[in-house]
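These numbers were taken from a predicted model, which means no experiment stands behind them.
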Amino acid sequence: METLIPKISTKKTNFFRSRKTRKFPLLPFKAKWQQNFDQQQAMETLITESTTTTQNPNLLSLLIDSFTKYKCDPTPSAYSFVIKTLTRNSQFDQIPLVLNRLEKVEKFDIPERFFINLIKLYGDGLNQIENAVDLFYRIPNFRCVPTVYSLNALLSVLCKSKQGLLMVNQVLLKSTEVMSIRLEESSFFIMITALCRIKKFGYAIELLHMMLAEYGYEPDYEMYSRIFMEVCERGDYDEVMGFLEEFRKVGFVLSGENYSDLIRVLVKNGKGKEGLDMLYRMKSDGMKPDVVCYTRVLEGVISSRDFEKAEELFDEMLVLGVEPNVYTFNVYINGLCKQNKIDEGFKMVEYMEKLDCKPDVVTYNTLIGAVCKVGEVKRGKEVLRMMGLKGIGGNVHTYRILIDGLIGKGELLEACGLFEEMSVKGFVPRSSSLDAMIARMCEQGLVGEALKVLNKIVERNVAPGEKTWEVLLCESKFDFNDATRNNFERLVGV
DNA sequence: CTAGGGTTAG
């Protein structure tokens with residue numbers, strides 16, 4: 001019975017027995033084990049020493065000391081620990097010493113990952129681009145074969161600054177010619193993306209060409225789309241159209257997002273007609289433009305004053321089941337107002353409410369602007385009151401539009417009242433808007449009122465405009481009180 | 001994974 005029980009009695013007896021009855025010497029095995037054990041001890045010593053000794057210890061010495069103490073060789077992980085700790089403690093000046101020892105003294109291979117992290121540290125963290133490049137070139141000295149991964153890491157560092165960009169060429173050359181690293185699509189993607197980010201589209205496009213011509217890599221849609229989006233983001237019409245041509249020449253079809261970006265650029269550059277054409281083209285490419293596309297194009301045709309097309313587009317949306325939203329309605333109402341179809345505009349508001357598409361400040365500002373333009377400021381004020389009832393407050397623009405309308409009609413006291421109201425709400429008008437008001441008030445002898453307004457804007461650190469200064473200088477009637485004078489002096493910086 | 005974008009204004 002007892003003999004069947006596995007020999008797991010006590011460790012001590014087992015240990016001694018196995019020692020005595022062992023047939024083959026286990027020395028090499030044991031040595032390895034012992035070495036691991038020593039290294040572990042050394043590592044522990046290093047870790048405790050590094051945390052207990054004074055600030056900014058010399059970690060390399062600690063490493064060397066710990067491992068000599070246990071008579072074993074330092075391990076790669078010990079070096080990793082040292083680098084990590086140095087980084088965390090910002091003791092960057094010690095890193096080169098560690099590298100030198102790794103290069104000249106140690107014999108073990110170093111994984112590429114180690115260099116990739118350091119390249120990123122040098123480039124992105126410390127902004128020491130030359131060091132990043134030098135380290136990259138030095139990788140083979142560390143018994144490590146650099147691959148495209150470290151090259152990619154270096155490239156993304158270099159592409160982030162002008163100084164780095166200047167070195168890209170040299171790095172590419174050396175890594176291909178001397179280090180025999182072959183660029184991959186990923187390398188191009190990194191460079192192209194980085195270049196787009198810093199708006200160097202010319203270089204990005206050049207790389208796109210180089211990829212195909214010199215490396216035989218077909219740039220994929222992703223690359224083109226990336227550049228296209230960025231080019232659109234900048235919004236330069238010629239640049240966008242130039243790249244669009246290329247985009248299409250290679251045979252790629254624009255995505256819905258590409259079209260949307262493109263249309264935005266066209267509309268912003270006053271090309272309403274082209275925007276509309278793009279919408280057609282989008283549809284013929286089998287895509288259904290969404291509300292945003294329609295709204296953008298609608299804006300485009302309206303600013304080109306093609307109101308017929310605007311009507312058509314709006315109808316088309318409804319027919320195709322693209323539900324207009326506040327933005328769409330606002331643009332559309334703006335179009336109606338441009339045609340002086342103000343009442344139709346107001347009818348649209350009712351229609352919106354029926355569709356449960358709540359009009360917003362923009363909707364009302366558009367209409368208020370329209371009625372003020374035809375001199376019906378009272379109606380505008382009425383709209384403002386209505387807005388309030390519906391829970392939509394006016395904003396700076398609302399008040400400015402109304403005040404300008406009132407000034408235009410010479411109703412200065414009323415303008416003053418509105419100014420008061422907007423001030424209470426915390427809206428600070430721009431000085432140019434008030435300039436006219438103050439000047440006109442002085443003209444009409446409302447000097448006291450003008451002064452009140454003036455004082456209020458100066459209180460809010462808005463410097464009076466040119467006209468106001470002019471009036472101030474001419475008007476000897478002005479009787480400043482102390483508060484006003486103080487505020488003025490503060491503003492003018494006396 | 002479906003988010004957000006897009007609107008008025010001298």
Side-chain angles (χ1 to χ4, degrees), chain A residues 228-230 232-233 235 254-272 275-276 278-279 282 287-305 310 313-314 317 322-342 344-346 348-349 352 357-375 377 380 383-384 387 392-409 415 418 422 427-437 439 465-467:
Chain A
F228 188 67
M229 276 168 52
E230 298 290 345
C232 283
E233 189 62 37
L254 272 64
S255 71
E257 212 178 335
N258 295 147
Y259 269 116
S260 195
D261 288 347
L262 175 58
I263 287 170
R264 187 192 62 223
V265 173
L266 293 173
V267 170
K268 287 279 171 261
N269 283 277
K271 315 275 183 188
L276 189 64
M278 277 314 156
L279 196 78
M282 198 175 169
M287 267 166 278
K288 182 180 170 179
D290 62 4
V291 226
V292 177
C293 279
Y294 271 105
T295 306
R296 283 175 172 163
V297 176
L298 192 66
E299 188 203 338
V301 295
I302 284 171
S303 55
S304 318
R305 304 192 70 83
L313 266 176
F314 200 72
M317 284 182 76
V322 181
E323 214 176 301
N325 58 24
V326 222
Y327 291 95
T328 324
F329 278 112
N330 288 344
V331 169
Y332 183 70
I333 289 173
N334 182 238
L336 291 174
C337 290
K338 280 200 162 118
Q339 304 169 73
N340 273 323
K341 296 178 175 175
I342 298 175
E344 273 186 54
F346 279 102
M348 282 313 284
V349 174
M352 286 170 79
C357 172
K358 286 193 173 39
D360 61 7
V361 228
V362 177
T363 322
Y364 290 114
N365 283 352
T366 307
L367 288 164
I368 291 173
V371 294
C372 284
K373 205 171 162 189
V374 294
V377 190
V383 174
L384 177 61
M387 289 166 66
I392 300 161
N395 58 18
V396 218
H397 301 300
T398 321
Y399 286 99
R400 206 217 58 242
I401 294 164
L402 282 168
I403 290 174
D404 284 350
L406 287 167
I407 294 171
K409 296 199 87 178
L418 268 184
M422 85 184 279
F427 298 128
V428 184
R430 272 187 303 170
S431 59
S432 59
S433 176
L434 290 164
D435 235 19
M437 185 157 94
E466 220 177 284
K467 245 190 200 153

Exercise. Does A:D290 get its side chain close enough to the base of B:dG5, under 3.5 Å, for a donor-acceptor pair?
Worked result: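 Side chain to base: pair found, below 3.5 Å.
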Exercise. Which whole-number value in Å describes the distance from A:E323 CD to B:dT2 C1'?
Worked result: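 So the CD-C1' distance, A:E323 to B:dT2, works out to 15 Å.
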Problem set entry | Atom-pair distance (CD on A:E233; C1' on B:dG5), nearest Å |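 Value for this atom pair: 11 Å.
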For this session: Please identify each residue that fulfils side-chain hydrogen bond (donor to acceptor under 3.5 Å, both in side chains) with A:E323, with sequence neighbours left out.
Result: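 Counting only residues at least two positions away or on another chain, A:E323 forms no side-chain hydrogen bond (donor to acceptor under 3.5 Å, both in side chains).
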For this session: Check side-chain hydrogen bond (donor to acceptor under 3.5 Å, both in side chains) between A:N395 and all other residues, then give those that pass, not counting sequence neighbours.
Result: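 Expected list: A:N365, A:T398.
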Problem set entry | Non-neighbouring partners of A:V291 that pass side-chain contact (heavy atoms from CB on, under 4.5 Å), sequence neighbours left out |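 Partners of A:V291 by the side-chain contact (heavy atoms from CB on, under 4.5 Å) criterion, ordered by chain and then number, come out as A:T295, A:M317, A:V322, A:N325, A:T328.
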Problem set entry | Test side-chain contact (heavy atoms from CB on, under 4.5 Å) applied to A:V396 - qualifying residues, sequence neighbours left out |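 For A:V396 the side-chain contact (heavy atoms from CB on, under 4.5 Å) partners, ignoring immediate neighbours, are A:M422, A:F427.
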Problem set entry | Heavy-atom side-chain proximity of A:F329 to A:F314 below 4.5 angstrom |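 A side-chain contact under 4.5 Å exists here.
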Exercise. For A:N325, which contact category applies under a 4.0 Å heavy-atom criterion: base, sugar-phosphate, or nothing?
Worked result: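 A:N325: base contact, heavy atoms under 4.0 Å.
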Problem set entry | A:Y259: ring-ring contact (aromatic ring centres under 6.0 Å, His included) partners, not counting sequence neighbours |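 A:Y259: no ring-ring contact (aromatic ring centres under 6.0 Å, His included) contacts found.
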Produce the list of close N/O pairs, under 3.5 Å, pairing protein atoms with atoms of nucleotides 7-10 of chain B; give distances to one decimal.
residue: B:dT7; atom: OP1; partner: A:K268; partner atom: NZ; Å: 2.4
residue: B:dT7; atom: O2; partner: A:N330; partner atom: ND2; Å: 2.4
residue: B:dT8; atom: O2; partner: A:N365; partner atom: ND2; Å: 3.3
residue: B:dA9; atom: O3'; partner: A:R400; partner atom: NH2; Å: 2.6
residue: B:dA9; atom: N1; partner: A:H397; partner atom: NE2; Å: 3.3
residue: B:dA9; atom: N3; partner: A:H397; partner atom: ND1; Å: 3.1
residue: B:dA9; atom: N3; partner: A:H397; partner atom: NE2; Å: 3.2
residue: B:dG10; atom: OP1; partner: A:R400; partner atom: NH2; Å: 2.8

